[in-house]
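Numbering of residues begins at 1 and proceeds along the displayed sequence.
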Amino acid sequence: MPKTPPKYRAPALDKGLDILELLAASPTPLTIAEVSEGVGRSRGEIFRMLQVLEERDYITRGEGDTGYSITPRLFRLGMEQPQLKTAVEAALPVMHRLADLVEQSCHLVVPSREQIVVIARIDPPGEIGLVVRVGHRRPMSQATSGHVLLAYQSDEIRNLWLDMIATHEPDLDRKKLLKLVAQVRARGYASAPSHIVDGVTDLSAPVMEHGHAVCALTIPFIERRASSITMLHTQAQLRQAASDISDALQYGAPVRKE
């Protein structure tokens, strides 16, 4: 079906958004030439736009003028949304308690189009742990927390998300992903070897509101010889913490105390 052309045009805004989207998707800073090629516009068209975006702190140049990259400003603006702000406020006290109980770090994840993004984290109480930075993004199909988010949606929403994922991942094995998601739903949480770090097991549980997952609470579990805390114990504490946050979001009630 042909795409409906936009009713109104704002060329300068289009240019600025094209640049931000390009830089947001790039793992490394981009030079003016690379930005020009990436957005399909001349250097003269984008030079002034880059200056304005830099002055407004949406983009920055690396040391030695190695290229432009996006700043956390857009992320901070997004975090001002009432829903996200409420979720973080409800989650942080529970996450602090969880980290202390299991002696591991934990982080909170939300969907962002075809990706997941970390919106809050708590460092481990000890000296050893794996910490995922706030703002970290991964394709939803390749993240344990993404599988949790997919598992706890209506069929309609899940199919919409899968269609969006498929546009960015042409080789997506939809049937395999749906089978994995069904297993997560049946178990009530996800447990899988990390896609990034060897020796780490990602444990993730849904934070529910009105019957669907709005966040995923995740622990990158590291088994340590000196600790008596097992993965089984950590799974139980994680699921309880996700339930406590869900209760706080759903009813506005105080979270349960240990």
Just wondering, are more than 12 heavy atoms of other shown residues or ligands nearer than 6.0 Å to [atom1] in [X]?
X   : atom1 : result
R48 : CZ    : no
E37 : CD    : no
Q51 : CD    : yes

Are E169 and S141 close enough that a side-chain donor and a side-chain acceptor fall under 3.5 Å?
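Side-chain D/A pair, E169 to S141: present.
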Is there a donor-acceptor contact under 3.5 Å from the side chain of [X] to the main chain of [Y]?
X    : Y    : answer
S204 : A190 : no
Q115 : S112 : no
R224 : E103 : yes
Q153 : A213 : yes
S243 : R239 : no
H107 : V132 : no
R137 : V117 : no

Take L177 and R174 through the side chain to side chain contact (heavy atoms under 4.5 Å, CB included) test and state the conclusion after the steps.
CA-CA 5 Å; L177 180 57; R174 191 166 180 146; 5.8 Å; no
With side chains defined as the heavy atoms from C-beta onward, is the minimum distance between P193 and T201 less than 4.5 Å?
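Answer no - side chains too far apart.
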Counting C-beta onward and ignoring hydrogens, is there a side-chain heavy-atom pair between V109 and M140 closer than 4.5 Å?
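V109 does not reach M140 side chain to side chain.
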R43 to F47, cation-pi by 6.0 Å centre distance and 45° axis angle
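No cation-pi geometry.
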For residues I116 and V181: do they belong to one hydrophobic cluster (side chain heavy atoms under 4.5 Å, members Ile, Leu, Val, Met, Phe, Trp, Tyr)?
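Cluster IDs for I116 and V181 match.
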Report the C-alpha distance between S69 and L23 in whole Å, list the side-chain angles of each, state the deciding distance to 0.1 Å, and finish with yes or no for side chain to side chain contact (heavy atoms under 4.5 Å, CB included).
CA-CA 6 Å; S69 57; L23 293 177; 5.8 Å; no
Taking only Lys NZ, Arg NE, NH1 and NH2, and the carboxylate oxygens of Asp or Glu, determine whether R121 and D123 approach each other closer than 4.0 Å.
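Result for this pair is yes, salt bridge flagged.
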Residues K15, D18: salt bridge by 4.0 Å N-O rule:
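No.
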To the nearest 0.5 Å, tell me how far [X] [atom1] sits from [Y] [atom2].
X    : Y    : atom1 : atom2 : result
M208 : L249 : CE    : CG    : 11.5 Å
R113 : M164 : CZ    : CE    : 5.5 Å
L30  : I59  : CG    : CD1   : 10.0 Å

